[in-house]
Amino acid sequence: MKLAFFQGCNIPIRIEQYAVSATAVLRTFGIELETIDDFTCCGYPVRNVDETAYLAPSVRNIALAEKRGIDIMTICNCCFGSLQKARHAMAGDPHLGETVNELLAKDSLTYHGTGSVKHLLTVLHDEVGTPAIAAKLSHRYTELKVAVLHGCHLLRPREVTRFDDSFVPRITGELVQLTGAANLDWPGALECCGAALAGINEDLSRSLLLEKVQGARVAGAEFIVPVCAYCYLQLDSVQATEKGDPLPVLLYPQLLGLCLGLSPEVLGIGLNSSIADHHISLLESRLGPPTTEKKSRKKARATAAA
Amino acid sequence: MDMLLIIAFLIFLAGLGWRLFTWFGKGFNGHDTAVSTGRRIGSALTAVGATISSGRLLKLVRSLFVDVLFQRRLLAKNSWRWAAHGLLFIGFIGLLLMHGLGYSVSTFFFSNYESTLQPFLGLREFFGVLVVIGVGLAIYRRLTDRPKRVRSYASDWLALSLVGGIIITGFLFQSSQIASHAEFQEMVDEWAGLDPDDPESVALETYWAAEQGLVSARVTKPFDPALVEEGAAVSENYCTECHAPASGAPVSFTLAKLVGPIAAALGDGPATSLLGTLHLLFCFSLLAWLPFSKMFHVIAAPVSLLINGVAGFKNPAPDAATTLNRQMIGLSACTHCGACSERCSSLTFYESFANDFILPSEKVQYLQRIASGKNLDHDTTKRLQKGLYICTSCDRCSEVCPSGINLRELFTHARYYLLSKNVPETSILSHFSFPLSLLRTFGTQHLHALKTIEQKFKTAFAKLSELGSITMNAPAEVGANNYLACYSCQRCTNICPVVRGYDNPQETLDLLPHQIIFSLGIGNKDLAMGARMLWSCSTCYLCQEHCPNNVALTDIFYHLKNGALDKLEAGGTA
C-alpha cells in the first residue's frame with residue numbers, strides 16, 4: 001500500500017521525528033509513504049482571514065494526490081481537518097468548486113473528489129488493523145500510564161472529519177492499549193491545547209495549555225501523547241518555557257515503535273525537548289514480553305486506574 | 001577604450017563600495033535596539049578571524065568546494081538549472097581568467113601564452129561555446145520552464161543579454177578578424193615584413209584565403225594548388241610560431257565564412273574594429289552594472305554560501321549585528337531564480353490574495369530596493385506587510401535557496417520592522433502568528449502590533465455598553481447557516497473552555513457564544529463581529545458539537561472573523 005504523506009508546514013522543520021517515526025512504524029507493516037514536493041500548506045493558518053483562501057490549498061493538495069492516484073495520509077490534525085473540510089465543502093458547494101477549479105487549472109490540476117484523506121491513526125487502526133499490529137509486537141509495556149490529547153480538529157466537527165465517535169473515541173484507546181500502556185481517562189483528553197490562540201491571545205493560549213498539562217498530571221500520567229502537531233508544539237516547546245520539569249511528551253508512533261522493536265534513536269525520541277535520557281531508560285525498562293497473561297493485564301489496568 | 005575601461009572599473013568600484021556600505025550599514029532590524037555600522041564591521045571581522053584561526057577552516061574549504069564551486073544545493077533542486085549554471089560559470093570564469101585577464105593570469109602560468117596559439121585559441125572557443133549553451137538553457141528555462149507565477153523583470157533579461165552579448169560579439173569579432181584582409185595585411189607587414197607585391201606575399205595570401213578563411217579580393221577561387229602549397233611553406237616560416245591555423249577556432253572559423261563576405265562588403269577594417277569595440281563595450285557594461293544588479297551574486301552568493309557553510313544553514317545568527325550583516329549579504333546574493341517561490345507553502349494563498357509579495361522571490365526584490373534606500377508608500381507597505389505575514393514559516397524557501405540565503409530569518413525581521421511602522425496588519429489575527437509566537441523572539445513587537453489592531457477594532461465596532469438602545473431587525477446573514485434553530489439553552493457557553501477560564505467572562509469577552517448567536521438573531525451582526533469572544537475562540541468546536549440544534553457556532557465564528565477583518569481592511573466602512 002502506498003500513501004501520499006502530507007506533512008504540512010510544521011512537521012518537516014519542527015517535528016521531523018513525528019514523520020520519521022511514523023514512516024518507520026508504517027514500513028514495518030509494508031506501507032510506503034510518498035512525499036510530494038508540490039504539496040503546499042493545508043490552508044489552516046489563514047482560516048480566520050478568508051474562508052475561500054483557507055479551502056483552496058487543501059483542494060489543490062487533494063487534486064495533486066488524485067493525479068498520482070494515491071490517497072493522502074496526514075499526521076497533523078489541523079491538516080487533516082482542513083483537508084476533510086475541503087472535501088466536505090467541495091461536495092456541498094458547487095460555486096466553490098467552480099472558483100477553485102479555475103484556480104487549479106493554472107497548474108493543470110482538477111479536483112475530482114475521488115481521493116480520500118486518512119490520518120495515521122486510521123491507517124493503523126483500519127488499514128493495518130489491531131490484530132496485525134498485535135502480531136508484530138516484540139514487546140509490550142508492563143506498566144505505563146499515558147494521557148492521550150486527541151486535539152480538536154481530528155474529532156470535530158464529526159460530520160466533516162469522520163474520524164471516530166467525537167464524544168467517546170475508540171481508535172486512540174484501542175491503539176494505546178495494544179502497546180500494553182494504560183490509556184488514562186482524563187478531563188482534558190478531548191479539549192483544546194490553546195495553539196489556535198498563540199500569537200493572538202497569548203495568555204489564554206498558555207492557560208489552556210497549562211490546564212491540559214495539569215489535568216494529565218493529576219490523572220497520574222507519566223507521559224502525555226498528543227496526536228496533533230500543534231498540540232505537540234504547545235506541549236513540547238511552550239511547556240519548556242515554564243518553570244520546573246515538564247511533563248514528558250511522546251508521539252504515538254514513538255510509543256508503538258518501541259514495542260515493534262524499533263530503537264529510540266530511529267524513532268527520534270531524544271529529539272522531543274521534554275524527553276531526557278532517564279525518560280527513555282524508563283520506557284525501555286517497562287518493556288516486557290509481547291503477550292501478557294490476561295490476569296496480569298487486568299492487574300496492570302487496576303494499578304493504572306488507582 | 002582604455003578610458004572607458006577605467007570609467008567602467010571606477011563605477012564598479014563605487015558600486016562595490018556602496019554594496020559594502022549596505023552590507024554593514026543597512027538592514028531590517030525587527031528589534032528596537034540600533035546596531036552601529038562599527039559594531040557590525042567588528043562582528044564580521046571577528047567572525048572571519050574566528051573561522052580562520054579555528055578548526056572551522058576545514059569546513060570553509062569544504063564549503064568552498066561543495067557549496068560554492070560544485071553548487072550542491074542547486075543540483076539537489078534541479079539538474080537542468082545546475083547544468084546551465086555550471087556551463088555559464090565554467091565558461092565565463094575560464095574566459096575571464098584565460099582571455100580577459102590573459103596577459104596577467106595566463107602569462108603567469110604559461111610563459112609562452114599568446115591568444116593566437118593553441119591550446120588557448122581552441123580553449124577560448126570551447127569556453128565561449130559553454131557560455132552560449134548556458135545562456136541558451138537559461139533563456140529556454142525563462143520562456144518555458146520558468147517557475148510558475150515568478151515574474152521576469154527587465155533586469156533578468158538584461159543580465160542574460162549582457163553575458164550572451166559578450167560572447168556573441170566575441171565570436172563575431174574573432175570571425176571577422178579571421179576573414180579580414182586589412183587585418184591580414186597588417187600582420188604580414190608587421191611579422192613577415194613582406195611587401196604586398198612580393199611573390200611570397202601572394203603565395204601566403206593564397207594559402208590563407210584557401211585554407212584559413214581569409215576573404216581576399218586579390219586572390220580568388222579557383223586557387224592554384226601549387227601556390228597554396230608554397231604559401232603554406234611561407235606561413236610555416238613567418239606565422240606559425242605565434243599564430244596557429246585559424247581552423248583551430250572552429251566556431252569562429254565557420255562563422256567567418258558567413259561574416260567575412262558581409263564585413264568585406266562593408267569594409268572589413270572598420271567592421272572588425274566595430275565588432276571589437278562592441279565586444280569591449282559589452283564587457284565594460286557588465287563590469288559597471290555588476291554591483292548594482294543581481295549579477296552581484298557572483299560575489300555575494302559565495303560569501304553567503306560560505307557563511308552558512310561554516311556557521312550552519314539552520315543555526316540562527318549569534319547576535320544582532322551578525323543577523324543584520326547576513327541579512328544584507330543574503331539580499332545581495334539573490335539571483336531571482338524563483339526556486340523559493342516554486343516551493344513556497346503559501347503558493348495557493350498567492351492565488352487567492354493576488355499579492356505578489358506572498359512569493360518569497362518577489363518579497364526579496366522589493367526588500368532589496370528598500371534596503372538600497374527606496375522609500376515606501378503606504379499602499380506598498382500594506383501589501384508588502386501582508387505578503388510578509390501570509391507565510392507559514394515552514395522554512396522551505398531557506399532550504400532550497402541556491403544562494404544559501406536565510407530567508408526565514410530575513411522575512412521575520414522584515415515583518416516586525418514593517419509592523420513597527422504602526423500600519424495595522426489584520427493577518428496578525430491568524431494562525432500565521434503561531435510559529436512567531438513559538439519563536440518568542442519578538443514578544444514585545446508582536447504585542448505592540450496586536451494593540452494597533454485592537455485599537456482599530458475599538459473604532460470600527462461599537463460595544464454593547466456603548467449602544468444606547470438595542471433595536472430588533474431581521475436576522476443577520478452569515479452564509480449558509482442554521483442558527484435560527486437556537487433556543488438559547490446556553491449549552492455552547494456552558495461547554496466553552498474559554499468562558500470557563502474567566503471569573504467574569506463577559507468583561508473580557510464582550511459577548512458569550514450564545515449571546516453572539518442572539519445578536520445575529522436580532523440582526524446586529526456588527527455587535528457580534530466586534531466581540532472579543534471571536535478572537536478568544538480556541539476553535540475547538542466543542543460548542544458546535546454539543547449544540548442540541550446543530551447550530552454551526554464555530555463555523556459562524558469563522559465567518560464573522562472573516563467579515564470583521566474585511567471591514568477593517570476596507571477602512572471600517574464595509
* Asked: Does a sphere of radius 6.0 Å around CG in D185(A) hold more than 12 heavy atoms from other residues, nucleotides or ligands, not counting ones at 6.0 Å or beyond?
  -> no

* After noting the C-alpha distance and the side-chain angles of D555(B) and K85(A), does the key distance pass the side chain to side chain contact (heavy atoms under 4.5 Å, CB included) rule? -> CA-CA 11 Å; D555(B) 290 335; K85(A) 172 73 186 179; 4.0 Å; yes

* Spacing of CZ belonging to R396(B) relative to CZ belonging to F39(A), to within rounding of 0.5 Å -> 10.0 Å

* To do: Please state whether the side chain, the backbone, both or neither of P57(A) comes within less than 4.5 Å of a heavy atom of chain B.
  => both

* Asked: With chain B, which of G8(A), S207(A), A195(A), S205(A) has the greatest number of heavy-atom pairs at distances under 4.5 Å?
  -> A195(A)

* To do: Could you tell me which portion of L208(A) (side chain, backbone, both or neither) has an atom closer than 4.5 angstrom to a non-hydrogen atom of chain B?
  => side chain

* May I ask you to name which of I11(A), D37(A), N10(A) has the most heavy-atom pairs under 4.5 Å with chain B? => D37(A)

* **Test side chain to side chain contact (heavy atoms under 4.5 Å, CB included) applied to R14(A) and D395(B), step by step** => CA-CA 10 Å; R14(A) 298 183 187 95; D395(B) 220 12; over 6 Å; no

* Grab the two heavy atoms, one from S430(B) and one from I200(A), that are nearest each other, plus how far apart they are. => O-CD1, 3.6 Å

* Can you say whether R158(A) sits under 4.5 Å from chain B via the side chain, the backbone, both, or neither, judging by heavy atoms? -> both

* Do you know which of G501(B), P497(B), C537(B), S437(B) has the most heavy-atom pairs under 4.5 Å to chain A? -> S437(B)

* Structure fact -> If one checks every heavy atom of Y502(B) against chain A at 4.5 Å, the contacting part turns out to be side chain

* Structure fact -> Highest number of heavy-atom pairs under 4.5 Å with chain A among E399(B), H559(B), Q544(B), H546(B) belongs to H546(B)

* Main-chain N/O of Y558(B) paired with R47(A) side-chain donor or acceptor, under 3.5 Å -> no

* To do: Side chain from CB out, backbone as N, CA, C, O: work out which of these in L104(A) comes under 4.5 Å of a heavy atom of chain B, or both, or neither.
  => neither

* Asked: Could you give the distance from CG (L233(A)) to CG (L438(B)), rounded to the nearest 0.5 Å?
  -> 5.5 Å

* Of the backbone (N, CA, C, O) and the side chain (C-beta and beyond), which part of T508(B) lies under 4.5 Å from a heavy atom of chain A, both, or neither? -> neither

* **Partner chain A: residue of T554(B), L542(B), L565(B), L447(B) with the largest heavy-atom pair count (under 4.5 Å)** => L542(B)

* **Closest-packed option against chain B by number of heavy-atom pairs under 4.5 Å, given G151(A), S237(A), G43(A)** => G43(A)

* Asked: In terms of side-chain geometry, is the basic nitrogen of E51(A) or K561(B) positioned less than 4.0 Å from the acidic oxygen of its partner?
  -> no

* Max heavy-atom pair count under 4.5 Å with chain B, selected residue of P12(A), G81(A), A196(A) -> A196(A)

* Over 60° means perpendicular and under 30° means parallel, so classify the ring planes of H431(B) and Y44(A), tilted if in between. => parallel

* Under a 4.5 Å heavy-atom cutoff, which of V46(A), L103(A), T52(A) has the most pairs with chain B? -> V46(A)

* Option that, when pairs with chain A are counted at under 4.5 Å, heavy atom only, ranks first among S346(B), S427(B), A552(B), S536(B) -> S536(B)

* Asked: Side chains of V49(A) and F353(B): does their closest heavy-atom pair fall under 4.5 Å?
  -> yes

* Asked: How many angstroms lie between CZ in F432(B) and CG in N48(A), if you round to the nearest 0.5 Å?
  -> 10.0 Å

* Asked: Hey, which of P157(A), G194(A), C192(A) has the most heavy atom pairs under 4.5 Å with chain B?
  -> P157(A)

* Structure fact -> Whatever's closer than 4.5 Å to a heavy atom in chain B on T241(A) counts as side chain

* To do: Take atom CD of E159(A) as the centre, draw a 6.0 Å sphere, and report whether it contains more than 12 heavy atoms from other residues, nucleotides or ligands.
  => yes

* Asked: Does atom CZ of R440(B) have more than 12 heavy-atom neighbours, drawn from other residues, nucleotides or ligands, at distances under 6.0 Å?
  -> yes

* Structure fact -> Value for CZ (F434(B)) from SG (C9(A)), rounded to nearest 0.5 Å, stands at 12.0 Å

* Structure fact -> The reported gap from CG in D38(A) to CG in L347(B) (rounded to nearest 0.5 angstrom) is 8.5 Å

* Structure fact -> In terms of heavy-atom pairs under 4.5 Å with chain A, the winner among G563(B), C540(B), P435(B), A449(B) is C540(B)

* Proximal component of D50(A), with respect to chain B [non-hydrogen, under 4.5 Å] -> both

* Is there a side-chain contact between E102(A) and E351(B) (heavy atoms, below 4.5 Å)? -> no

* Does any heavy atom of chain A fall under 4.5 Å from the side chain of L436(B), the backbone, both, or neither of them? -> neither

* To do: Determine, step by step, whether N562(B) and Y54(A) satisfy the side chain to side chain contact (heavy atoms under 4.5 Å, CB included) criterion, reporting the C-alpha distance in whole Å, the side-chain angles of both residues, the deciding distance to 0.1 Å, and the verdict.
  => CA-CA 11 Å; N562(B) 289 182; Y54(A) 154 66; over 6 Å; no

* Inter-residue atom distance Y541(B).OH - T161(A).OG1, 0.5 Å rounding -> 10.0 Å

